[in-house]
J.: 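Okay, here's the structure, questions in a sec.
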Amino acid sequence: MEKLTKPIVDKRSGFCKANSTFYSKRKPVPLPQNHSVDVTTFISSRAHHGRIAFIDAATGRHLTFPQLWRAVDSVATCLSDMGIRKGDVILLLSPNSIFFPVVCLAVMSLGAVITTTNPLNTPREIAKQIADSKPVLAFTIPLLVPKIADSNLPIVLIDDDHQADSPKNPKIVSSLGEMMRKDPRPNRVGHRVSQDDTATLLYSSGTTGASKGVISSHRNLIAMVQTILGRFGSENGDQEQTFICTVPMFHIYGLAAFAMGLLSSGSTIVILSKFELHEMLSAIERYRATYLPLVPPILVALLNGADQIRAKYDLSSLHSVLSGGAPLSKEVIEGFVEKYPTVSILQGYGLTESTGIGASTDCLEESRRYGTAGMLSPSMEARIVNPETGEALPVSQTGELWLRGPTIMKGYFSNEEATSSTLDSEGWLRTGDLCYIDEDGFIFVVDRLKELIKYKGYQVPPAELEALLLSHPEISDAAVIPYPDKEAGQYPMAYVVRKAGSKLSETAVMDFIGQLVAPYKRIRKVAFVASIPKNPSGKILRKDLIKLATSKL
Ligand SMILES: CC(C)(COP(=O)(O)OP(=O)(O)OC[C@H]1O[C@@H](n2cnc3c(N)ncnc32)[C@H](O)[C@@H]1OP(=O)(O)O)[C@@H](O)C(=O)NCCC(=O)NCCSC(=O)/C=C/c1ccc(O)cc1
């Protein structure tokens, strides 16, 4: 029925009573008719007036658009000569750099698949991702080679001046600098890439514990490029936009925005290898940046230091900050607006599973609706579903947000079970976020149904930390919860049951975990208890523990 009759949609909310579905109020995104097109070709064939694509903030080294596309072609030629073919997975372990997009775009142009990982991850965490995604080659910087030394993967060094002093490591088969100097060959061996083929495999914990590879197709990414273009492209009439890239490109937020969407619009992207407040502010001043995409902790830092920052830096070029990755509180928004009256805050809501933005505020007026995550992205549909009954709810009622649209992932890699519990047969993605959609079509995220901690915009799955805690010989039971924090948003707190006779200290627990996980996953508070509250089927009653922890605040 749904497909045969045109649904009657309320123009104001986007809600259709007949099928309890919210439809995007934004203009739909056009997708290329040609089935055989990869996202790199799609991006490179877009017309724009941009000249410089990427600038390294620290050195000023840059790539013009022609230099970028030549580099992508050269690297793709070398990869093809090395035998890389459609479907092969390539690992990229690198901080942000002007070379990060070169590697991604070259790999995807061949129909090969890029998998990225956080450079702060421990060798153990990276080894897990390697075991799951089975890459055939890795790109990394010299400093990070030891983190994958045990993997036996052939390595391409992202190191321009490698040859003279590069370590004599037999696993290092080439360098990116060398590859970029190669003459590109248009008729290299290749297989036809279709929009349905997998392009990226980014890792997310989804709505449950273990980290899983999110399969995004070329179509997913092309649709995301179109969504970003709708938000910032030349269609908006804006010229010469300069964006600061300080959030990591190894996550979907940074990857889709900087290596793909904004690139397509002809924007200039100033890249910082990592976030450092003063370097970021200097870069805004030096490059006259107009847009600053960030995560809430950066906005909080800008707010906390506002008076000194405004006295020291000329931020007059800055037009907007774009916040994503975690919710912004009303008090932070109001404080920022007061301190930086000429800068608009635009918000985005997205997941790795939605290949980036699922909803956003695209102009100041939309952003004035405090607390909203925005309106549905173009061509996106939503349902608000009662988690207990499965009933789809109407306007202004709270339930789990389900999303369907052209950017929704194909599924989790080699994980049927997780895929079928997250994506239903009609293509609906269960986001694990409790939301409502108001009478004007604005989404409000109320709470999280999924068991996830967001530390500085990074996902920390409690189940992973609980399993590690249980591996300690003196711990008999444990539960990990999100503990609220003004700067980080939340951090992991552990409730621990010690074995009889154990004198294990809080610091010993934190140090034990600290050695096993990336810094952003560290447990930062511990309480010892006699038992962990659980329901009759053994599930941790996390809400009770959260109440207990926060009742003393
Ligand atoms: C810039 C942040 C906010 C803060 O940086 P930081 O303060 O330097 O902290 P780090 O996170 O880099 O490092 C964590 C810890 O590691 C430490 N660290 C640092 N480098 C080292 C070292 N080399 N050795 C060892 N320790 C170290 C560092 O000191 C720090 O320790 P601590 O001070 O105890 O918190 C940083 O955390 C950050 O970039 N977070 C962004 C995460 C992010 O991109 N999330 C998005 C996920 S995808 C998603 O949700 C999509 C949403 C979306 C939304 C909207 C859209 O439009 C589209 C998409």
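The structure presented is a predicted model; accordingly, all values stated were derived computationally and were not measured. Atoms within a ligand are numbered from 1 in the order they appear, just like the ligands themselves.
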J.: Quiz question: by atom type and distance under 3.5 Å, do the side chains of Gln241 and Thr290 form a donor-acceptor pair?
T.: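 Per modelled atom types, Gln241 and Thr290 side chains form no pair under 3.5 Å.
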
J.: On the six-membered ring of Tyr412, is Lys212 placed so that its NZ or CZ lies under 6.0 angstrom from the centre and within 45° of the ring axis?
T.: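 Yes, cation above the ring, under 6.0 Å and within 45°.
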
J.: Do Ile155 and Ile148 come within less than 4.5 Å of each other through their side chains, counting heavy atoms only?
T.: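 Counting from C-beta outward, Ile155 and Ile148 do come under 4.5 Å.
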
J.: Of all the heavy atoms in Ser360, does at least one lie under 4.0 Å from an atom in ligand 1?
T.: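 Ser360: no contact with ligand 1 (<4.0 Å).
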
J.: Atoms of ligand 1 less than 4.0 Å from Lys454 heavy atoms?
T.: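 Checking each atom against Lys454, I get 50 (O).
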
J.: Could you tell me which atoms of ligand 1, counted from 1 in the order shown, lie closer than 4.0 angstrom to a heavy atom of Ile252?
T.: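 Checking each atom against Ile252, I get 48 (S), 51 (C).
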
J.: Side chain or backbone, does Tyr349 bring an N or O within less than 3.5 Å of an N or O on ligand 1?
T.: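 It does not: no N or O of Tyr349 is found under 3.5 Å from an N or O of ligand 1.
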
J.: When you check the gap from the basic side-chain N to the acidic O, do Glu506 and Lys525 get nearer than 4.0 Å?
T.: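 No, this pair does not count.
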
J.: Identify, by atom number and element, the atoms of ligand 1 in contact range of Gly348, meaning under 4.0 Å from any of its heavy atoms.
T.: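 Those atoms are 54 (C), 55 (C).
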
J.: Taking the six-membered ring for Trp, is the centroid-to-centroid distance between Phe232 and Tyr291 below 6.0 Å?
T.: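 Close enough - the centres of the two rings lie under 6.0 Å apart.
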
J.: What part of Leu322, side chain, backbone, both or neither, has a heavy atom within less than 4.0 angstrom of ligand 1?
T.: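 No part of Leu322 comes within reach of ligand 1.
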
J.: From atom 57 (O) of ligand 1, work out which of Ile357, Ile228, Leu143 has a heavy atom at the shortest distance.
T.: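 Closest candidate by heavy-atom distance is Ile357.
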
J.: Give the contacting part of Lys456 toward ligand 1: side chain, backbone, both or neither, where contact means a heavy-atom distance below 4.0 Å.
T.: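 Both parts.
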
J.: Check whether any heavy atom of Arg524 sits under 4.0 Å from an atom of ligand 1.
T.: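 Contact check Arg524 vs ligand 1: positive.
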
J.: With Ser377, which residues qualify under side chain to side chain contact (heavy atoms under 4.5 Å, CB included), at least two apart?
T.: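 Applying side chain to side chain contact (heavy atoms under 4.5 Å, CB included) to Ser377 gives Thr227, Ile357, Met380.
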
J.: For the residue pair Tyr491 and Tyr483, is the inter-centroid distance of their aromatic rings smaller than 6.0 Å?
T.: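 Yes; Tyr483 has its ring centre under 6.0 Å from that of Tyr491.
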
J.: Which heavy atom of the protein is the closest neighbour of atom 39 (O) of ligand 1, given with residue, atom name and distance?
T.: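 The answer is Pro248 CD, 3.2 Å.
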
J.: Tell me, which protein residue and heavy-atom name are nearest atom 52 (C) of ligand 1, and how many Å apart are they?
T.: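 The closest one turns out to be Gly350 O, 3.4 Å.
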
J.: Closer than 4.0 Å to some heavy atom of Gly325 - which atoms of ligand 1 meet that?
T.: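 Within the 4.0 Å cut-off of Gly325, ligand 1 contributes 50 (O), 52 (C), 54 (C).
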
J.: Anything under 30° is parallel, anything over 60° is perpendicular, the rest tilted; go ahead and classify His472 against Phe512.
T.: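 Plane angle over 60°, so perpendicular.
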
J.: Return the closest protein heavy atom for atom 13 (O) of ligand 1 as residue, atom name and distance.
T.: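 Result for atom 13 (O) of ligand 1: Leu120 CD1, 3.6 Å.
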
J.: Taking 4.0 angstrom as the limit, do Arg542 and Glu466 come out as a salt bridge?
T.: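 Salt bridge present between Arg542 and Glu466.
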
J.: Would you say atom 29 (O) of ligand 1 touches the protein, meaning some protein heavy atom is under 4.0 Å from it?
T.: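 Looking at atom 29 (O) of ligand 1, one finds that no protein heavy atom lies closer than 4.0 Å.
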
J.: Any salt bridge linking Asp485 with Arg524? Criterion: basic side-chain nitrogen under 4.0 Å from a carboxylate oxygen.
T.: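 So Asp485 does not pair with Arg524 through a salt bridge.
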
J.: For Phe275, counting its heavy atoms only, list the atoms of ligand 1 lying under 4.0 Å from any of them.
T.: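 Under 4.0 Å from Phe275, ligand 1 has these atoms: 1 (C), 4 (C), 5 (O).
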
J.: Kindly say whether the aromatic ring centers of His218 and Phe42 come within a distance under 6.0 Å.
T.: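 Ring-ring flag for His218/Phe42: false, centres at least 6.0 Å apart.
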
J.: For Gly457, is at least one N or O under 3.5 Å away from an N or O on ligand 1?
T.: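 Indeed, backbone or side chain, Gly457 has an N or O that close.
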
J.: Run the numbers for me: atoms of ligand 1, each under 4.0 Å from some heavy atom of Tyr455, listed by number.
T.: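 Here the atoms of ligand 1 in question are 32 (P), 34 (O), 35 (O).
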
J.: To check your reading of the model: name the closest protein heavy atom to atom 8 (O) of ligand 1, its residue, and the distance in Å.
T.: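 For atom 8 (O) of ligand 1, the nearest protein heavy atom is Lys274 NZ, 4.0 Å.
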
J.: For atom 22 (C) of ligand 1, is some protein heavy-atom partner under 4.0 Å away?
T.: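 Yes, because at least one protein heavy atom sits under 4.0 Å from atom 22 (C) of ligand 1.
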
J.: Would you mind running through ligand 1 and noting each atom that sits below 4.0 Å from a heavy atom of Val295?
T.: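 What qualifies from ligand 1 is 3 (C), 40 (N), 41 (C).
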
J.: Considering only the protein, which heavy-atom contact is closest to atom 16 (O) of ligand 1, and what is its distance?
T.: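 The protein heavy atom lying closest is Pro519 CB, 3.0 Å.
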
J.: For atom 37 (O) of ligand 1, state which one of Tyr253, Phe250, Tyr458 supplies the nearest heavy atom.
T.: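 Considering heavy atoms of Tyr253, Phe250, Tyr458, the nearest to atom 37 (O) of ligand 1 sits in Tyr458.
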
J.: Looking at Lys25 and Asp440, does any basic side-chain N land under 4.0 Å from a carboxylate oxygen?
T.: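 Salt bridge: no.
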
J.: So among Asp132, Thr115, Thr117, which one has a side-chain hydrogen bond (donor to acceptor under 3.5 Å, both in side chains) with Tyr203?
T.: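 Testing Tyr203 for a side-chain hydrogen bond (donor to acceptor under 3.5 Å, both in side chains) against Asp132, Thr115, Thr117 leaves exactly one candidate, Asp132.
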
